[in-house]
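All chains are named by letter (A, B, ...) in the order of the sequence lines, taking the proteins before the strands, and each is independently numbered beginning at 1. What you see is a predicted model; the values in this text were computed from it and never measured.
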Amino acid sequence: MRYSQLLLPTLKETPAEAEVVSHKLLLRAGFIRKITSGVYSYLPLGLATLRKVEKIVREEMNNGGAQEVLLPMVQPADLWQESGRWDKYGPELLRFKDRHGRESCLGPTHEEVITTLVRREVHSYRGLPLNLYQIQTKFRDEIRPRFGLMRGREFIMKDGYSFDATEEDAGKTYETMHYAYHRVFSRCGLKFRAVEADTGTIGGNFSHEFMVLADTGEDTLVICKKCTYAANMEKATAMAPVAPVEEVALLPLAKKETPGKRKVGAVTEFLGITAQELVKTMVYLVDGQPVAVLLRGDHEVQPVKLKNLLGAVEVEMADDKQVFDATGVPTGYLGPIGLKIRVVADREVALMKNFVVGANEKNFHSLNVNLGRDFEVEDVADLRMVTEDDRCPVCGAELNLTRGIEVGHIFKLGKTYSQALNGVFLDNQGQEQHYVMGCYGIGVSRTVAASIEQNHDKDGIIFPLPIAPFQVVVLNLSPNDEVITAAAEKLYLEFKQQGVDVLIDDRDERPGSKFKDADLIGIPYRLTVGKSFAKEGVVEIRKRVDGETSSLPLAEVVPDLTARIRTELAAVV
RNA sequence: CGGGGCGUAGCGCAGCCUGGUUAGCGCGCCUGCCUUGGGAGCAGGAGGCCGCAGGUUCGAAUCCUGCCGCCCCGACCA
């Protein structure tokens, strides 16, 4: 491609709307432009990069035995009503009526459509296993789109769905996809980690997320320093607490005035105790109903765990007014004794003795409180966030908390959808069975953004070779000089003949602009044809990633660099 | 939706508090000259519904009200 003919509007200054580095650089480098909140146009370089990622995804999915299809984006409501998700999915599902008044939605995911397709076409175990995928624009009406391509409302996703006859086969498919995902993200040049994850609205019972490690990530990961345990904070558990060996005598319940002491820190300081000796009572609205969660003073609620425990659709923290309306107690003095709403406790609380809680009366706390003697709870479960002080639930070693960007998520769905949508086949005994399903997503456009989050410097993007929009950029520093131009054009044509993705900067610009733009758009190899060619007949080769620079005579450049590129691409994984 | 912030030329911003000629600056864009290894220089030029609507006023980018859009923090998630 010729730069002079390319729509590549680079910017010197960062548009004010961009906050994170990938968004800033995607805008500055002329890859994307926003059309409205969370919806972007891809310019030629943005699309080229997207296509590179897609190609890798296709190759690895196909290698893993999956077949590509393309499913409709507009989906009828009745399919979603049949699966039960029309009501469950919430406002993220963009719904509308067509001219006949039929309710429809834009597909945020495709379990309903794919299951309907397969149940109509596959009626025998002989047709299984079946693994289908597509790469397509998804629409999710996100509450708050942000960070450019990182969380758009419209985005490019690879979604795949597998159908197996047995749990065992489904497990094998899951492992195959797990491996394929490893290959995809490795080939994309990303530093990533697969972690155990919550299954969210997709449902199912087992899943892994593929997380690109980056400080700007929206997720917190809990990773064992020693063993292979790694989980999303939403799912992560700490080593289970153990009851102390020696019996602790239960002290008599007491009430103490704690004027104005509402926060954990204030109460513990006032009473001269530690946060580990206090139990705080947090009120959440669980599908609109208030539920009190008991938690050790130094711990935090993990809302996803609460949601899963109670089988809820929506969980949010109650504000002061909602707390008062539900309990008649101002926040800060809430406790479980005599509380009229549902009460659940974190498992750590169940082992505590003689602790402090709010007395359900302004300016008073209860001392020497004990579960079982002074109050009961409806449920005891792991409901809290893991902290850096916790230990690995598998091996007991220390844990690391780090940030990650979710670029892939694979689920064992089991029979959830095949039962809901009556997806059945006859096994080799002639018995009717439901398919055992799995589903597998990759955020293709997000992967591009994640790669930039991980690979950039002050000058711009540093694309890994496999996903760079161009592999080589040839800078013609003197378009008005016939000798230099002839040499640059020769390189350009020869690279094209070799199948190398090459961009030639043939603009009538000063050298400085060309260097800056080449750095900004992140092309892995930069060739400069200029003064040193006129003088010594050599072309400068510079690697974007480390600035390593060498010079070669014109005739050697294409064979040498083509070989290097091929070796590098083959070396991945 | 709750909390915070912002809307002035393609991009980055000033002007607004304290209303008053023709709304300004840098970059970018166009023309010419000059320059050609890290976003040069000189000269000339084009480009604005000051987010939209209403109000106050002799007069509104500026004050008031409503609306719209965008960004950030939270719930959601590839």
Side-chain angles (χ1 to χ4, degrees), chain A residues 9-20 23 27-28 30 33-38 57 89-93 108-109 135-160 181 197-202 207 209-212 218-219 232 234 284-285 303-304 307 313-317 319 321-322 405-411 439-450 459-460 475-481 484 507-520 526 528-535 540 542 549:
Chain A
T10 59
L11 301 171
K12 277 193 189 175
E13 283 175 293
T14 306
E17 70 192 44
E19 190 76 8
V20 298
H23 190 195
L27 289 170
R28 279 195 58 209
R33 289 291 183 261
K34 185 176 68 189
I35 197 75
T36 185
S37 180
V57 169
Y89 214 93
E92 233 173 284
L93 184 65
T109 177
I135 296 176
Q136 187 209 35
T137 299
K138 290 282 184 284
F139 192 93
R140 296 183 186 174
D141 200 358
E142 293 279 346
I143 301 163
R144 182 156 81 88
R146 59 186 139 171
F147 304 157
L149 294 190
M150 209 85 102
R151 179 174 298 284
R153 294 192 296 165
E154 195 177 285
F155 59 100
I156 311 289
M157 179 168 163
K158 187 287 295 183
D159 50 324
Y181 273 43
D198 181 70
T199 51
T201 40
I202 302 290
S207 82
E209 288 168 335
F210 287 76
M211 293 285 188
V212 168
E218 295 181 277
D219 289 276
N232 191 307
E234 296 174 353
Y284 278 76
L285 293 181
V304 174
K307 186 169 155 178
V313 175
E314 206 180 319
V315 163
E316 59 176 332
M317 210 169 146
D319 62 29
K321 183 177 179 304
Q322 290 164 333
I405 302 165
E406 183 188 354
V407 289
H409 199 162
I410 59 178
F411 301 78
C439 85
Y440 317 94
I442 291 178
V444 177
S445 41
R446 183 185 280 181
T447 299
V448 172
D459 294 314
L475 303 189
N476 176 355
L477 290 195
S478 302
N480 298 321
D481 180 309
I484 287 172
R507 294 174 301 168
D508 187 17
E509 290 285 341
R510 297 168 53 82
S513 303
K514 298 189 178 187
F515 289 131
K516 289 289 183 189
D517 279 332
D519 285 347
L520 180 60
R526 186 188 80 191
T528 308
V529 187
K531 216 182 261 174
S532 47
F533 179 74
K535 280 187 193 157
E540 181 192 282
R542 186 171 186 276
T549 305

Can you name the residues that form a side-chain hydrogen bond (donor to acceptor under 3.5 Å, both in side chains) with A:E17, not counting sequence neighbours? A:K34
With the six-membered base ring of B:G39 as reference, does the ring of A:F515 sit under 5.5 Å away with planes under 30° apart? no
It should be established whether A:K531 places a side-chain nitrogen or oxygen under 4.0 Å from OP1 or OP2 of nucleotide B:G37. yes
Hey, what do you get for CD1 (A:I156) to NZ (A:K158), rounding to the nearest 0.5 Å? 14.5 Å
Under 4.5 Å between any side-chain heavy atoms of A:F210 and A:E406, yes or no? no
Could you check whether A:D198 pairs with A:K307 (Lys NZ or Arg NE/NH1/NH2 to Asp/Glu carboxylate O, under 4.0 Å)? no
Could you tell me how far B:G2 sits from B:U8 if I compare only their P atoms? Round to whole Å. 25 Å
Do any side-chain nitrogens or oxygens of A:K34 fall under 4.0 Å of OP1 or OP2 in B:G69? no
For a quick check, tell me whether the side chain of A:R151 and the base of B:C77 share a donor-acceptor pair closer than 3.5 Å. yes
Counting side-chain heavy atoms from CB outward, which of B:G69, B:G39, B:A78 is closest to A:T36? B:G69
Ring pair (Phe, Tyr, Trp, His ring centres under 6.0 Å) filter on A:F533, not counting sequence neighbours, yields none
In whole Å, I'd like the distance from the CG atom of A:L477 to the P atom of B:A40. 13 Å
How far does the P atom of B:G66 sit from the matching atom of B:G28, given to the nearest Å? 42 Å
Between B:C64 and B:U56, how far apart are the two C1' atoms, rounded to whole Å? 7 Å
Give every pair of a protein N or O atom and an N or O atom of nucleotides 23-25 of chain B that lie under 3.5 Å apart, one pair per line with the distance.
none

What residues, two or more places apart in sequence or in another chain, satisfy side-chain contact (heavy atoms from CB on, under 4.5 Å) together with A:D481? A:S478, A:V483, A:I484
Does any N or O donor sit under 3.5 Å from an N or O acceptor when you compare the side chain of A:S532 with the base of B:G37? yes
Scan nucleotides 2-14 of chain B nucleotide by nucleotide, 5' to 3', and note B when protein non-hydrogen atoms come under 4.0 Å of the base, S if they reach only the sugar-phosphate, - if neither. ---------BSS-
Could you tell me the separation between the CZ atom of A:R542 and the P atom of B:G38, rounded to a whole number of Å? 12 Å
Among the nucleotides B:C73, B:G38, B:G39, whichever has the atom closest to the side chain of A:R146 is B:C73
Distance, P atom - from B:G47 to B:A23, rounded to whole angstrom: 13 Å
What I want to find out is whether A:E540 reaches A:R526 closely enough, with some N-O distance under 4.0 Å, to be called a salt bridge. yes
Atom CD of A:E509 to atom C1' of B:G38: distance rounded to whole Å? 13 Å
Angle class for the A:Y440/A:Y181 ring planes (parallel below 30°, perpendicular above 60°, tilted otherwise)? perpendicular
Could you give the distance separating B:C77 and B:A61 at their P atoms, to the nearest angstrom? 47 Å
Could you measure between the two P atoms, the one in B:C73 and the one in B:G15, and give it in whole Å? 26 Å
The nucleotide from B:A78, B:U36, B:C72 with an atom nearest the side chain of A:F147 is B:C72
Of the candidates B:G37, B:A78, B:U35, the side chain of A:R510 sits closest to B:U35
On RNA chain B, nearest-nucleotide positions of A:H23 versus A:E218: which is more 5'? A:H23
Nearest-angstrom distance, C1' atom, B:G26 to B:A40: 16 Å
Which value, in whole Å, describes the distance between the C1' atoms of nucleotides B:A14 and B:G37? 36 Å
Under 4.0 Å between a side-chain N/O of A:K514 and OP1 or OP2 of B:G37, yes or no? no
Any carboxylate oxygen within less than 4.0 angstrom of a Lys/Arg side-chain nitrogen, looking at A:E154 and A:K138? no
Where the side chain of A:R446 is defined as all heavy atoms beyond and including C-beta, which of B:G37, B:A78, B:G39 is the nearest nucleotide? B:A78
Using Watson-Crick or G-U wobble geometry with both distances under 3.5 Å, which nucleotide pairs with B:U65? B:A53
Need to verify one output field. Residue with the more 5' nearest nucleotide on RNA chain B, A:F533 or A:I156? A:F533
Can you tell me which residue among A:E209, A:M150, A:E218 is in a side-chain contact (heavy atoms from CB on, under 4.5 Å) with A:I405? A:M150
B:G2 pairs with, by Watson-Crick or G-U criteria that keep both distances under 3.5 Å: B:C73
Please enumerate all residues that pass salt bridge (Lys or Arg N to Asp or Glu O under 4.0 Å) together with A:R542, with sequence neighbours excluded. A:D519
Does a nitrogen or oxygen in the side chain of A:S37 sit under 4.0 Å from OP1 or OP2 of B:C71? yes
